[in-house]
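Here is the structure we will look at.
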Amino acid sequence: MNCRAEVLEVSVEGRQVEEAMLAVLHTILLHRSTGKFHYKKEGTYSIGTVGTQDVDCDFIDFAYVRVSSEELDRALRKAVGEFKDALRGSGSDGMGQISLEFYQKKKSRWPFSDECIPWELWTIKVNVVNLANEQERQICREKVGEKLCEKIINIVEVMNRHEYLPKMPTQSEVDNVFDTSLKDVQPYLYKISYQITDSLGTSVTTTMRRLIKDTLAL
Amino acid sequence: MYHQAVFQRNKKNGTISLILQFNLAIKDIPEVTHEAKKALAGQLPAVGRSMCVEISLKTSEGDSMELEIWCLEMNEKCDKEIKVSYTVYNRLSLLLKSLLAITRVTPAYRLSRKQGHEYVILYRIYFGEVQLSGLGEGFQTVRVGTVGTPVGTITLSCAYRINLAFMSTRQFERTPPIMGIIIDHFVDRPYPSSSPMHPCNYRAGEDNGAVYPSVEDSQEVCTTSFSTSPPSQCVFTVTKAHFQTPPPVVTDTLKVPVMGLAFSHQLSSSRLSYQPAALGVGSADMGYPVLFAGGLNAAHPHQLIGPGKEGGVPPVPSQPAHGTQADQERMCTPLDGVHYSAATPSSSEDTETVSNSSEGKCGSPHDLLETIFIRKVGAFVNKPINQVTMANLDIPFAMFAPKNVELEDNDPMVNPPESPETESPLQGSLHSEGSSGSSTGNTHDDFVMIDFKPAFSKDDILPMDLGTFYREFQNPPQLSSLSIDIGAQSMAEDLDSLPEKLAVHEKNVKEFDAFVETLQ
């Protein structure tokens, strides 16, 4: 299966990294989340509702909509926070990328572990800029806001192409498609990873791969 | 096909209903639902019959601007094999989420978050062909999403304006001002920004000058001022009121012909001339039907070139739409009064006013009207003295201004006074009278300095304190090269003296060369 890949690039100031990443990731996950499935005896299921809420950015002239789930928000903030710290501490020119990968699990027979098959990959390349004065920062606030608006429109266009989506699973296979660990929302299985790029454009030392949910524990 | 549940819960201050449709919890606004259902009239979008939601901005002056148009279209391209209960439903849910996301990225969203006293955002739902002409040039279109169904393909798109420069002139010509007058700049309106809004009832295609559709419900529009400050001229947009009120009583300095579809010619003089004593006068005494529309085209027939006050509009203590109109001094009843009385008990009489004014407008929409205004003088404006009398001068520190009308020759900004020949550092342009240690230099009558005590200066530290330094260097003597003596020399004399100077320099050439060598 070919994994659908989309790349977004943003140039932001250091303090805008977190909000920009959260805006993009939340927008993607808004489209890739459903309500909790409630299976019934007859094999049918009902889908719970998903609430939404507005988020206003403090350092960017921008607002976005996210799923009203604190657990999901915490998970994303944790991942973005680690990415931001890695960017700051890398000593590089402030370039890196964070990736959001949606995957399906394919059960394998023992002793082989379950296979993770990605079906959609979103990569957000970040370039951190340093600004000299407050006037430049104010301009940056507006420019980054406009750029994020364009990114949201890009995301929506991709989402509405109605390309491959995993089939709705039965009750026994729901954990192979969706992340059922959250209480109030059910996103497709996803992973967030990031890379820090040095000034030469190559990966620095190791590629850090952070798993939000460990599905490969044996 | 649709999974829908309405969940209602009571809160202390009201009822919130959530529509759980397509598995999204969306807060429902009953008024919007009512208007949408009314516009739908039991039908659904079809080919050639799109459902459009127009979002526009309306200022308190009555100017409006279309910001975006959301369009739900249906075409004939059917997907017979698609599963409705699963695929179509999920895709429609996705479309709804995309709609939520896109609504936050258009410029209108940021404007809607800031609406309140200056402007409000209005919506209008209509069926038919999409009307994009009101969005200005270069509007952008975003296709939110497309969902194929067995009966057709649904497409949701948004066209939004990117040029947010105010286009009030064009709007005024195209859309008659049914809202009427809007008002004061300094009145704090009790309308919350989150109050429900009603759609405008105007319809595209109606001829200008026809009977204006009545406004069914009040619209809560707040005041605003778009005029730049400090203007020497303000552009007024006025609307015609009913004819039961007396004609205006104005004083004269400027006559301006006025013509237009809707006017209020009834302007009180007290409104236009700045009188500090007018502050604190109750609403019964001040009728303020005037619209301020700063930045509008002065040549527009709907606009009057009126007096400008430095800093903007004369302060108005109260809102005229609230109350009584029988007062003789109230020169005009605002047409838009009905819109401001949503929270007041005077809505009934305001409705009558609107109906009367509508009749009035139909009766004589093209009356030529002359109105005389007092021309106010801004703070930093060159005063055309033949139009300004002393009585109308309203400049800062006017008490220090000379009593007679200033001529340009005497204007200190044009011809600075000559520097006094000071003998001591204490003499300067800052004169003082009757103070110790003060100079006796130029005696300008406008400034009377008693004692000059500069801040943060101490006399016991430096031999020359800050005040002394300031006085000494406030008006330094002119450069000698610019003195009259030098300037009086003719060019011939300069040329004659040149050979002598050259001879002196040639004589001392060795000394000059040695000096240059020391520098290298």
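Per chain, numbering begins at 1; letters A, B, ... match sequence-line order.
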Let me confirm one number: the OH-CG distance from B:Tyr109 to A:Asp54, rounded to the nearest 0.5 Å.
3.5 Å
Gap between atom CG of A:Leu30 and atom CG of B:Leu24 - 0.5 Å precision
7.5 Å
Using the rule given for side chain to side chain contact (heavy atoms under 4.5 Å, CB included), can you reason through B:Thr146 versus A:Asn160, listing the C-alpha separation, both sets of side-chain angles and the distance that settles it, and then say yes or no?
CA-CA 7 Å; B:Thr146 304; A:Asn160 281 272; over 6 Å; no
So which part of A:Asp56 gets closer than 4.5 Å to some heavy atom of chain B, the side chain, the backbone, both or neither?
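Only the side chain of A:Asp56 comes within 4.5 Å of chain B.
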How about [atom1] on [X], more than 12 heavy atoms from neighbouring residues, nucleotides or ligands closer than 6.0 Å, or not?
X	atom1	value
B:Arg143	CZ	no
B:Glu129	CD	no
B:Glu76	CD	no
B:Gln43	CD	yes

Interface residue of largest heavy-atom contact number with chain B, from A:Gly145, A:Ala63, A:Gly35, under 4.5 Å
A:Ala63
With respect to chain B, which residue among A:Ile152, A:Ile155, A:Val50 yields the maximal number of heavy-atom pairs within a distance under 4.5 Å?
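Looking at each of A:Ile152, A:Ile155, A:Val50 in turn, A:Val50 comes out on top.
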Enumerate by number any residue of residues 97-104 of chain B whose heavy atoms lie under 4.5 Å from heavy atoms of chain A; in the absence of such residues, state 'none'.
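Within residues 97-104 of chain B, the residues under 4.5 Å from chain A are B:Lys97, B:Ser98, B:Leu100, B:Ala101, B:Ile102, B:Arg104.
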Contacts of residues 65-73 of chain A with chain B (heavy atom under 4.5 Å):
A:Val65
Closest heavy-atom pair and its distance - [X], [Y]:
X	Y	value
B:Ala25	A:Gly51	CB-CA, 4.2 Å
B:Leu94	A:His162	CD2-CE1, 3.9 Å
B:Val144	A:Val156	O-CG1, 3.3 Å

Does any non-hydrogen side-chain atom of B:Val105 lie less than 4.5 Å from one of A:Tyr64?
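Heavy-atom side-chain distance check fails, nothing below 4.5 Å.
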